[in-house]
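Some notes on the structure that comes next.
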Amino acid sequence: MNPAIQGLLTIVIGVSGCVGYFYLSNQFLDKVLFPARGPNAGRNINCANMIRPWLFLLPAILALGVYLAYPVFETLRLSLTDRVAGGGYEWAGFDNYSQMLAEPKFWEAMRNNMLWLIVVPAMSTGFGLLVAQLTDRIRWGNVAKSLIFMPMAISFVGASVIWKLVYDARPPDQDQIGVLNAIYIFFGGTETHTWLTLPFWNNFFLMIVLVWIQTGFAMVILSAALRGIPEETIEAAILDGANPFQIFFKIKVPQIKTTIMVVWTTITIVVLKVFDIVFAMTNGQWETQVLANYMYDKMFRANDWGVGSASAMVIMLLVTPILIWNVRNARKEMQ
Amino acid sequence: MSDIAGTRPALRWVVHASVVLLVVLWVFPTLGLLISSFRTGDQIASSGWWRALFPSEQNLTLRAAAPETQVLQDGLYVIEGNIFDGERASDISRWGVNSRAIDAFAPGEKAELRRGGTITVQANGDYRMENTEEFSGKRGPRVFVTTTLPPEFTFENYAHVLFNANSSDSMGKAFFNTLTVTIPATIIPILVAAFAAYALAWMDFPGRALLIAAVVGLLVVPLQLALIPLLKLHLNIGIGKGYLGVWMAHTGFGMPLAIYLLRNYMAGLPRDLIENARVDGATEFQIFTKLILPLSFPALASFAIFQFLWTWNDLLVAKVFLIDASGQTTVMTNRIVELLGTRGGNWEILATAAFVSIAVPLAVFFAMQKYLVRGLLAGSVK
């Protein structure tokens with residue numbers, strides 16, 4: 001069957017299936033199971049109202065359970081087992097973990113991930129805050145913001161192609177087609193560099209791609225936060241003779257501290273999951289491995305599901321503090 | 001007003017200049033790829049894309065007509081013609097007949113030819129060769145010209161990448177595959193999440209707070225964890241790799257954000273509205289479909305854009321759950337990664353392929369930016 005027709009069919013079946021499920025289950029509840037008439041009408045209505053939320057929630061809970069909650073536990077289990085030739089699994093204890101910890105590639109990925117975790121959220125948030133502040137009151141600020149926000153819509157893979165062209169290198173005697181080398185030569189460089197193969201520094205050239213994408217996100221959130229600052233506090237500071245920098249660092253930034261934290265953690269999570277950029281640009285060569293790509297390598301190239309799961313658990317472990325922080329904040333907010 | 005620049009004109013100037021600088025920094029890379037996609041492979045390889053916008057000075061090696069076209073005029077053998085011979089004509093600034101002195105003559109000057117006779121080349125490329133004896137040989141003499149070519153752009157790359165179905169660089173099929181993945185994967189989670197969000201926002205039942213907390217927690221669970229268990233599950237229950245699998249995976253992965261966004265929005269709707277409807281005897285189902293759903297349109301649109309961008313741009317989920325060995329179900333992001341491997345130097349192909357894939361999300365982005373921003377503001381966990 002043509003996938004387009006299959007897709008259309010899926011939409012029709014999916015949508016009418018959902019609507020049908022919700023409609024019919026509600027009808028069944030109200031008309032058949034606990035009809036709102038007869039001698040027990042009152043009790044029936046109460047019963048129906050007890051059950052109805054779960055009817056509304058059921059498909060979502062199923063999706064969440066099967067696609068997100070179950071895998072957490074299953075990955076944990078898989079990381080502690082080994083596949084046996086011919087099918088089946090056997091308990092392996094922490095073998096997968098110790099095997100992983102003994103691999104230099106894993107430590108390279110850990111080191112790089114730590115670098116990513118420091119640099120990308122800091123630079124994205126910093127640039128985002130800078131742009132948000134600078135564009136706050138200038139007339140064409142919205143146009144500027146929209147252009148800086150634009151990379152958000154571009155796929156990581158597309159961004160990789162865009163930046164690969166920037167980093168392109170030709171022999172020094174030819175016309176450069178990569179902007180970075182052209183600038184480098186213009187300012188008196190004699191050699192051209194293939195930036196993505198320079199060990200250690202190439203990590204930063206990969207990070208720039210993600211900073212370029214995430215700055216727009218930081219800017220949008222922080223810009224809204226800056227607008228939310230009460231005018232009086234700033235007016236008071238001006239009356240007290242504060243200069244613009246003092247106003248920004250001493251009055252504005254402290255007031256949006258929680259929002260900065262939110263932006264920072266959100267980008268941190270994106271960084272922990274970063275896969276496409278490294279996969280498309282260097283595929284972990286030249287010492288640019290990161291955890292997510294390491295995990296993909298283990299899973300699909302080496303076909304080692306045990307170590308693959310173990311490295312996925314490492315990512316989960318790194319996310320957990322943020323997860324707890326988020327849940328705690330959400331609970332506080334609801335009370 | 002009291003912005004950071006205050007009323008000081010110098011600071012104000014610095015602010016404007018730095019914003020311009022930042023915008024240029026952010027737009028430049030994308031612009032480079034866009035312009036490159038309209039240039040031929042030769043052009044991309046020979047000069048930086050930033051030169052493509054301006055007329056460029058180029059040295060061309062052309063050839064005058066062969067001796068067989070000569071005519072006898074007043075006792076002189078003459079060959080006349082235009083040196084560009086139907087190619088793109090442009091103004092000649094200097095020219096020469098010797099490869100070691102390609103800019104020896106100005107237009108209109110007369111040069112001695114090595115094999116006898118003279119040649120005069122005008123600025124527009126018209127030339128006249130004269131000789132008292134007959135010109136001999138098979139080919140005409142070479143003429144080196146220095147000329148200024150106007151910027152030139154072509155749509156050929158797009159025609160090649162989009163419509164040349166036989167070529168190995170074709171994106172046409174991948175484009176439709178991506179669309180096939182994206183649309184169901186955007187619509188279905190919205191519906192499922194909307195019902196759940198309503199229950200979490202406006203129905204009272206034990207365990208509600210716990211469920212909301214669980215959704216917030218699942219919001220940040222890395223996708224990586226889900227890959228192996230779910231692939232195993234899909235293979236075991238017989239879905240295998242294919243569209244059904246990828247639709248279900250995207251539905252599951254998009255669910256926490258969908259519920260979270262929609263619940264936050266619905267919880268902010270006025271309580272009176274819903275209470276009144278309940279008093280008037282509307283069932284919960286009616287309240288939801290007739291009241292909540294239409295009112296929640298902005299939140300639904302926000303999530304739809306997120307999910308669309310995310311599924312359209314996704315590589316990992318497609319690679320794991322969709323793309324099998326046959327290669328028939330490849331998506332655009334995957335095609336681009338393949339092209340990066342096989343056609344790493346062919347920037348005209350790469351740039352065009354990338355832009356085909358970027359164009360749709362960019363269009364959605366600029367058309368619906370308002371909803372995207374609103375969604376971001378509501379979605380970042382406060």
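Not measured: the values here are computed from a predicted model. Chain naming here is simple, since letters A, B, ... match the order of the sequence lines and numbering starts at 1 in each.
Atom CG of A:L272 and atom CG of B:L223 lie 13.0 Å apart (nearest 0.5 Å). For the atom pair A:K145 NZ and B:L22 CG, the distance stands at 13.5 Å (nearest 0.5 Å). Going from atom CD1 of A:I162 over to atom CZ of B:F28 covers 13.5 Å, rounded to the nearest 0.5 Å. With rounding to the nearest 0.5 Å, the separation of CG in B:L33 from CD1 in A:I154 is 9.0 Å. Rounding to the nearest 0.5 Å places CZ of B:F285 at 8.0 Å from CD of A:Q27. For the atom pair B:L227 CG and A:S309 OG, the distance stands at 9.5 Å (nearest 0.5 Å).
A 4.5 Å side-chain heavy-atom check between B:W347 and A:D168 finds at least one atom pair inside the cut-off. A:L134 is listed as a side-chain neighbour of B:S18, based on a closest heavy-atom distance under 4.5 Å. In this structure, the side chains of A:N326 and B:L219 stay at 4.5 Å or more apart for every pair of heavy atoms. Looking at B:V23 and A:V131, their side chains never come closer than 4.5 Å, going by heavy atoms from C-beta outward.
Neither the backbone nor the side chain of B:M332 comes within contact range of chain A, judged by heavy atoms closer than 4.5 Å. Using a 4.5 Å cut-off between heavy atoms, A:W212 contacts chain B through both its backbone and its side chain. Of the atoms belonging to B:I259, it is side-chain heavy atoms, and not backbone ones, that fall under 4.5 Å from chain A. A:I269 touches chain B through its side chain: at least one heavy atom from C-beta onward sits under 4.5 Å away, while N, CA, C and O do not. In this structure, chain A has a heavy atom under 4.5 Å from the side chain of B:L231, while its backbone stays farther away. Heavy-atom distances place both the backbone and the side chain of B:L315 under 4.5 Å from chain A. The contact between A:R77 and chain B is made entirely by side chain atoms (from C-beta outward), counting heavy-atom distances below 4.5 Å. For B:P206, the part lying near chain A is the backbone, with the side chain staying farther off; criterion is any non-hydrogen pair under 4.5 Å. Looking at A:P151, the atoms closer than 4.5 Å to chain B (heavy atoms on both sides) all sit in the side chain, from C-beta outward. Interface residue A:L165: backbone and side-chain heavy atoms are both found under 4.5 Å from chain B. For B:H234, the part lying near chain A is the side chain, with the backbone staying farther off; criterion is any non-hydrogen pair under 4.5 Å. When heavy atoms are compared at a cutoff of 4.5 Å, A:K332 does not approach chain B at all. Neither the backbone nor the side chain of A:V263 comes within less than 4.5 Å of any heavy atom in chain B. Residue contact with chain A, scored on non-hydrogen atoms closer than 4.5 Å, is absent for B:L34. Contacts between B:I212 and chain A at a heavy-atom distance below 4.5 Å involve the side chain alone, from C-beta outward. There is no contact between B:F355 and chain A, counting heavy-atom distances below 4.5 Å. Using a 4.5 Å cut-off between heavy atoms, A:L58 does not touch chain B at all. For chain A, the nearby part of B:S36 is the side chain; its heavy atoms alone come within less than 4.5 Å. Using a 4.5 Å cut-off between heavy atoms, B:S357 contacts chain A through its side chain alone, with no backbone atom that close. At a 4.5 Å heavy-atom cutoff, the contact between A:V19 and chain B is made by backbone and side-chain atoms alike. With a 4.5 angstrom heavy-atom cutoff, A:T258 does not touch chain B via any of its atoms. Heavy atoms closer than 4.5 Å to chain B are found in both the backbone and the side chain of A:M316.
Ranked by heavy-atom pairs under 4.5 Å with chain B, the first of A:Y70, A:F73, A:W140 is A:W140. No other option in B:I358, B:N334, B:I336 has as many heavy-atom pairs under 4.5 Å with chain A as B:I358. Between chain B and the residues A:F127, A:F22, A:F275, A:W305, the most heavy-atom pairs under 4.5 angstrom are made by A:F22. Between chain B and the options A:M281, A:K273, A:M313, heavy-atom pairs under 4.5 Å are most frequent for A:K273. Comparing B:V20, B:D204, B:L179 by heavy-atom pairs within less than 4.5 Å of chain A, the highest count is held by B:V20. Per-residue counts of heavy-atom pairs under 4.5 Å with chain B were compared for A:F156, A:F300, A:Y21; the largest is that of A:F300. Each of B:T30, B:I183, B:V360 has some count of heavy-atom pairs under 4.5 Å with chain A, and the biggest count is that of B:T30. Among A:I148, A:V166, A:T135, the residue with the largest count of heavy-atom pairs under 4.5 Å with chain B is A:I148. Heavy-atom pairs under 4.5 Å with chain B were tallied for A:I324, A:L62, A:L78; the largest tally goes to A:L78. The candidate from B:P222, B:G242, B:A226 with the greatest count of non-hydrogen atom pairs under 4.5 Å with chain A is B:P222. For the set B:E284, B:M203, B:Q224, the count of heavy-atom pairs under 4.5 angstrom toward chain A peaks at B:Q224. When the candidates B:A214, B:A351, B:A354, B:G217 are compared by the number of heavy-atom contacts under 4.5 Å with chain A, B:G217 comes out ahead.
The shortest non-hydrogen separation linking B:P229 to A:P71 is CG-O, 3.8 Å. Across all their heavy atoms, B:G252 and A:Y67 have their closest contact at CA-CB, 3.7 Å. The two residues A:T215 and B:W26 come nearest to each other via the heavy atoms OG1-CZ2, 3.3 Å. When every heavy atom of A:W163 is checked against every heavy atom of B:P29, the shortest pair comes out as CZ2-CG, 3.6 Å. What you find for B:L377 and A:A224 is that their closest heavy atoms are CD2-CB, 3.6 Å. The shortest non-hydrogen separation linking A:G308 to B:I228 is C-CD1, 4.2 Å.
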Step by step, would you call A:F279 with B:V337 a side-chain contact (heavy atoms from CB on, under 4.5 Å)? CA-CA 8 Å; A:F279 184 76; B:V337 172; 3.7 Å; yes
Trace of the side-chain contact (heavy atoms from CB on, under 4.5 Å) decision for B:F365 with A:M150: CA-CA 7 Å; B:F365 171 82; A:M150 182 191 70; 4.1 Å; yes
Check step by step if side-chain contact (heavy atoms from CB on, under 4.5 Å) holds for A:L68 and B:M255. CA-CA 9 Å; A:L68 286 164; B:M255 197 56 58; 5.5 Å; no
Derivation and outcome, side-chain contact (heavy atoms from CB on, under 4.5 Å), residues A:V157 and B:R335: CA-CA 10 Å; A:V157 174; B:R335 285 291 297 141; over 6 Å; no
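Using cut-offs of 30° and 60° for the angle between ring planes, the B:Y198 and A:F56 rings count as tilted.
Put simply, the side chain of B:N313 gets close to the backbone of A:A153: a donor and an acceptor are under 3.5 Å apart.
By the 6.0 Å contact criterion, NZ on B:K232 is enclosed, its count of non-hydrogen atoms from other residues, nucleotides or ligands being greater than 12.
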